[in-house]
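We name chains A, B, ... by the order of the sequence lines, and we start the count at 1 in each one. All values below come from the heavy atoms of this structure, side chains included, with hydrogens, waters and symmetry mates left out. Not measured: the values here are computed from a predicted model.
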Amino acid sequence: MQVATQPLTNLFLRALYYNVQRLGLHIHPYLQKTIRPLSASQPSSCSLVLGYLQLLFWSRVNDRESVHPSALMSSIKEWMHLVFDPSPLGLAIAIILALSIPIFLHTVVFRASGLTTLPTILLIGPSGSGKTALLTLFERENKPATTHTSQAPLTAECSLPVDTVAASNKYRSVNDPTNQVHKKFLLVDTPGHGKLRHHAFQNVTNTSNLRGVIFVVDATTLGAGEEGLREAADYLHDLLIVMQKLMGEGKSSKAPKELPILIAANKMDLFTALPAALVKSSLEREITKVRVSRSKGLLDSGVGLGDEQDEEKDDWLGEMGSEDFKFSQMEEFDISVEVAGGNVLGADGASTESWWRWKIGALRYNIHEAEIAVGKIGRKPRVAMELRRLKMTTIDVESLEKEGEKKESGAQAVSRKKRKTRDGKRGKIEISEGKEVINLDGSSTEDETASETESEDGGPARKKLKSSTEPSTPSQAKKDLEKIRTFKVLKVDWYYDSVKAGKILPMDGYLVYEGRPVQEPAQDLISTNASPPSRGSDILARAVADAKSSPSTAYMKHGNARYHKPTKSVTRPTHLLHQTTSEHDDPEKFPPLPDYLTKLYSCERPTPLHSPNDEFINLLKKIKTARQLNSDAIGVRAYSTLIASIAAYPYKLTSPTEVLRLPGCDQKTALLFQQYQQTGTLAEVTDVENDARMKVLLDFYNIWGVGDHTAREFYSRGWRDRDDIIEYGWERLTRVQQIGVKYYDEFLTPIPAAEVEDIGAVVLKEANEIIPGYQMVIVGGHRRGKPFSGDVDIMLTHPDPEATLNFVPLITDRLEELGWVTNVLQHSLANSARGQAPVAYKSPRPSGSGFDTMDKALVVWRDIRYDKAKHEKNPNIHRRVDIIITPWKTAGCGILGWSGGTTFQRDLRRYVRKVKDWKFDSSGMRDRRDGEWLDLEGSVVGWGEGKLREKEMKVFEMCGLAWREPWERCTG
DNA sequence: CGGCATACG
DNA sequence: CGTAT
DNA sequence: GCCG
């Protein structure tokens, strides 16, 4: 389908292009969706940027075919024929249409041209790398005369002739989007000599409309240990630092939104040249060295410890605390690094294709150049969301006006509220008593919003805008475009009507949103409910308050890309623990370390539910969650380990040195404790809690069915709260996610222990109604002694292996019929399946169906008992319940596997792997050497009272582990 | 410098 | 990729 | 982030 769409798309885009030309505009692409100009002579009064336009266009073409056979229609008639006449193609269109309805963005953007300076690309590199030759080559490849300025650095105005571009992308269609770029740009050569580097760096910071940097290196001089490599790495390191700082500053208007750098490995035609991949890795390795030596130099220069961290942070390239430098670390600062080989001179002529390709990418138009967007969307919050997704930050002029007129709770807040009530009304979630139904009805949000606009958001707000800023004649429209630097979103009808009229119409009546572009990376200026520091709720006020209250002062002072885009771990480099000699630090004075705390695996020690250091632990858990939301799985693992370790420590910690004794804890942990001891909190925790993005991610992450990945995914779509999900993404949620959203608050409500036991009793009773003789153990957090649980884990077992086989559907069906279970989120029956076809190549298991079932069902539960006199509907809240079925013979493993905290389980598995070379999971133990099932608990016979506990104890014993009560497995 | 628990839907 | 411990 |  994807393959088929491309050519069809272009047909329509070309039609659009034609019309835009008639209006005296010219088209440019956005998001790599575009078309090739039909004629070389383009009127350059305006340019047009398209975003996913084809969808809009398809639907509009269909909508309007009969409605107005306008200029638009007649002009694209030829393509309409092309497309619709052959029936297979017509069919394809219909299908595509159907599929694309739910897709959101329908934005066409264009801007007045001639306002901005030419985009610029800098040529930087050590002398002798071939920069000047490259510059000359690029000039030669460009037809128009180039002008040399005599001052150094050398500047050349180049242009990208369409032909050249197309030729360099032979494998691409001529209509390919990527051909649409700025056709003229400046190429600035900079001196390569070491002494003159600051010129180059000044260019980086001072050039307006800087689109990219080409760092030229001579690939023949980059062998390991060669001086050329060292010099190049040195230069590149400093250059990247400059770029990083520039990007980090963010708000200082000069900084581009992204700044790609191409490392052009020159002279690849020579056989002594290093391949591009090697150039990359050698440079990374060498920069790692440079980075270390630079930071050493700083350390030695003897600044105070406190300042030193900050100083260093500014001059440290890439990811804080990382051992190795990788170019990918620059992405955190929106700097993409590409290494590509080529040669300027050579027997077969120059080979610079990959460089051209990069350059085309760098010169592509983007939305930040745009001043007008048109689209199908008609309501402000929606516009705000689309702009968020495009990283286009603006401040609503309406809110600015309000600010000017002094307070009055902002219009934005009102419209926001309105939207929320509308959501309620829309009622995606319906309850039909008894059974609850998640309504999957996909009744197009799009159409709804489009038609609503007229009546709802239209009126007063728009008129107001019109009176203040709207021009009344087309020519004035253009003038105003150039005067007022605002970003406007218009309804697409403005475009169609303009086409119809054959001229640019005034924008009154079409304006959906108008905003002033903002430089700083403020995230939630337009629409948010995250972080409401000022209840006044005026957008601007909030923006300011945000900026003030936001991350800790250190953050702001060194304003760093990490603030808004912490993709990687963002820790500071580990410093040595500053040792002060006080009595508290005397190791002699520490309480004796219990022997179990010398053990590495948390399953080897008792870890109670509460520890004297709970406050510190809770802070560490927050860092752990932050690691999770920032996709740092290893960080999560590390924090889990050290949390489990501290949680097992029975004394109140008194000094950082004391922390160092604990397994899984080292310098970094000690420093954190020191900080906690001195300030009562942790800087990273404070930062995270003040981070609006993290708040949103956490809220999403708390939805059952949404993990960290999906949380980030939602965020990247521009969604900022669950209402956004419901309004813009409901149809795209999975069924369980919909349930998760629906019962969001209820699932987060703690379940008192008594209720947990009550639920367990109900499940056991019903199980015995089906097959008598069932036994039940409540596992999970409740078994560990938690007074409140997040969910209920019920484990059922039966002495008869036949009884537990495929029992899960029986019990869930029954509970569902009775009404206790309102939804089944998930069934697991794989162990049953595996039981039928066990590891065949080994000896048969001991009699019976050993590995038959360890099946489970994850369900939504609601108590069916309530006072019907008092309530019309069931007032009980929904609970998450896991029903787990284990066969008797592995019940000990099952209970063990479901009773410990996560870290306890992981460590148990690591332990049996290391000590016994076994593999544990809750359905049993296997030997890693032959895959054979091990009967650990077979020696426990009978099925009376206490036998299950005995079986569980037996498993500990067989593993060589001391028995730990369930409430000693609280590893967190 | 590699490894970090394990399984199922 | 989500869930469970 | 810590361990072997």
From [atom1] of [X] over to [atom2] of [N], roughly how many Å is that when rounded to an integer?
X         : N      : atom1 : atom2 : result
Lys599(A) : dC3(D) : NZ    : P     : 16 Å
Leu672(A) : dG1(D) : CG    : C1'   : 10 Å
Asp921(A) : dA7(B) : CG    : P     : 6 Å
Asn823(A) : dG9(B) : CG    : P     : 19 Å
Arg906(A) : dA7(B) : CZ    : C1'   : 13 Å
Arg637(A) : dT6(B) : CZ    : P     : 11 Å
Lys668(A) : dC2(D) : NZ    : C1'   : 13 Å
Asp907(A) : dC3(D) : CG    : C1'   : 12 Å

Partner set under ring pair (Phe, Tyr, Trp, His ring centres under 6.0 Å) for Phe700(A), not counting sequence neighbours =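 By the ring pair (Phe, Tyr, Trp, His ring centres under 6.0 Å) rule, Phe700(A) matches Phe714(A).
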
Are Ser899(A) and Arg783(A) linked by a side-chain donor-acceptor pair shorter than 3.5 Å?
->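 A donor-acceptor contact under 3.5 Å links the two side chains.
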
Is there a side-chain polar atom (N or O) of Lys914(A) under 4.0 Å from OP1 or OP2 of dG3(B)?
->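 Lys914(A) to dG3(B) OP1/OP2: no side-chain N or O under 4.0 Å.
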
Has Thr669(A) got a side-chain N or O lying under 4.0 Å from the OP1 or OP2 atom of dC2(D)?
->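 Checking Thr669(A) against dC2(D): at least one side-chain N or O falls below 4.0 Å of OP1 or OP2.
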
Using the six-membered ring of Tyr744(A), assess whether NZ or CZ of Arg722(A) lies under 6.0 Å from its centre and within 45 degrees of the ring axis.
->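 Yes, cation above the ring, under 6.0 Å and within 45°.
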
Minimum-distance nucleotide to Ser828(A) side chain [options: dC8(B), dG1(D), dC3(D)] |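 That would be dC8(B).
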
When you get a sec, tell me which of dG9(B), dC3(D), dC1(C) is the closest nucleotide to the side chain of Thr710(A)?
->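 For Thr710(A), the side-chain atoms sit closest to dC1(C).
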
Whole-Å C1' distance, dA7(B) and dC2(D) |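 Nearest-Å result for dA7(B) against dC2(D) at atom C1': 26 Å.
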
Under the side chain to side chain donor-acceptor pair (under 3.5 Å) test, which residues partner Thr971(A), sequence neighbours left out?
->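 Side chain to side chain donor-acceptor pair (under 3.5 Å) list for Thr971(A), sorted by chain: empty.
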
Which pairs count as salt bridge (charged side-chain N to carboxylate O under 4.0 Å, His left out) when at least one residue sits in residues 595-609 of chain A, sequence neighbours excluded?
->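 Salt bridge (charged side-chain N to carboxylate O under 4.0 Å, His left out) check on residues 595-609 of chain A returns no pairs.
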
Contact class for Leu600(A) vs. all strands (heavy atom < 4.0 Å): base, sugar-phosphate, or nothing?
->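 If one applies the 4.0 Å heavy-atom cut-off, Leu600(A) turns out to touch the sugar-phosphate alone, with no base involved.
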
Please report, to 0.1 Å, the donor-acceptor pairs under 3.5 Å made by any side chain of residues 745-753 of chain A, with sequence neighbours excluded.
| residue | atom | partner | partner atom | Å |
| --- | --- | --- | --- | --- |
| Glu746(A) | OE1 | His878(A) | N | 2.5 |
| Glu746(A) | OE1 | His878(A) | ND1 | 2.7 |
| Thr749(A) | OG1 | Asp745(A) | O | 2.7 |
| Thr749(A) | OG1 | Glu746(A) | O | 3.4 |

Dump every N/O contact between nucleotides 3-5 of chain C and the protein below 3.5 Å, one line per pair.
| residue | atom | partner | partner atom | Å |
| --- | --- | --- | --- | --- |
| dT3(C) | OP1 | Gly705(A) | N | 3.2 |
| dT3(C) | O3' | Trp704(A) | NE1 | 3.4 |
| dA4(C) | OP1 | Trp704(A) | NE1 | 3.1 |
| dA4(C) | O3' | Asp882(A) | OD2 | 3.4 |
| dT5(C) | OP1 | Asp791(A) | OD1 | 3.3 |
| dT5(C) | OP1 | Asp791(A) | OD2 | 3.1 |
| dT5(C) | OP1 | Asp793(A) | OD1 | 3.2 |
| dT5(C) | OP1 | Asp793(A) | OD2 | 3.1 |
| dT5(C) | O3' | Arg784(A) | NH2 | 2.9 |
| dT5(C) | O3' | Trp898(A) | O | 3.4 |
| dT5(C) | O3' | Gly900(A) | O | 2.5 |

Can I get a per-line list of side-chain donor-acceptor pairs under 3.5 Å for residues 702-709 of chain A, giving both atom names and the distance, sequence neighbours left out?
| residue | atom | partner | partner atom | Å |
| --- | --- | --- | --- | --- |
| Asn702(A) | ND2 | Leu698(A) | O | 3.3 |
| Asp708(A) | OD2 | Arg712(A) | NH1 | 3.4 |
| Asp708(A) | OD2 | Arg712(A) | NH2 | 3.4 |

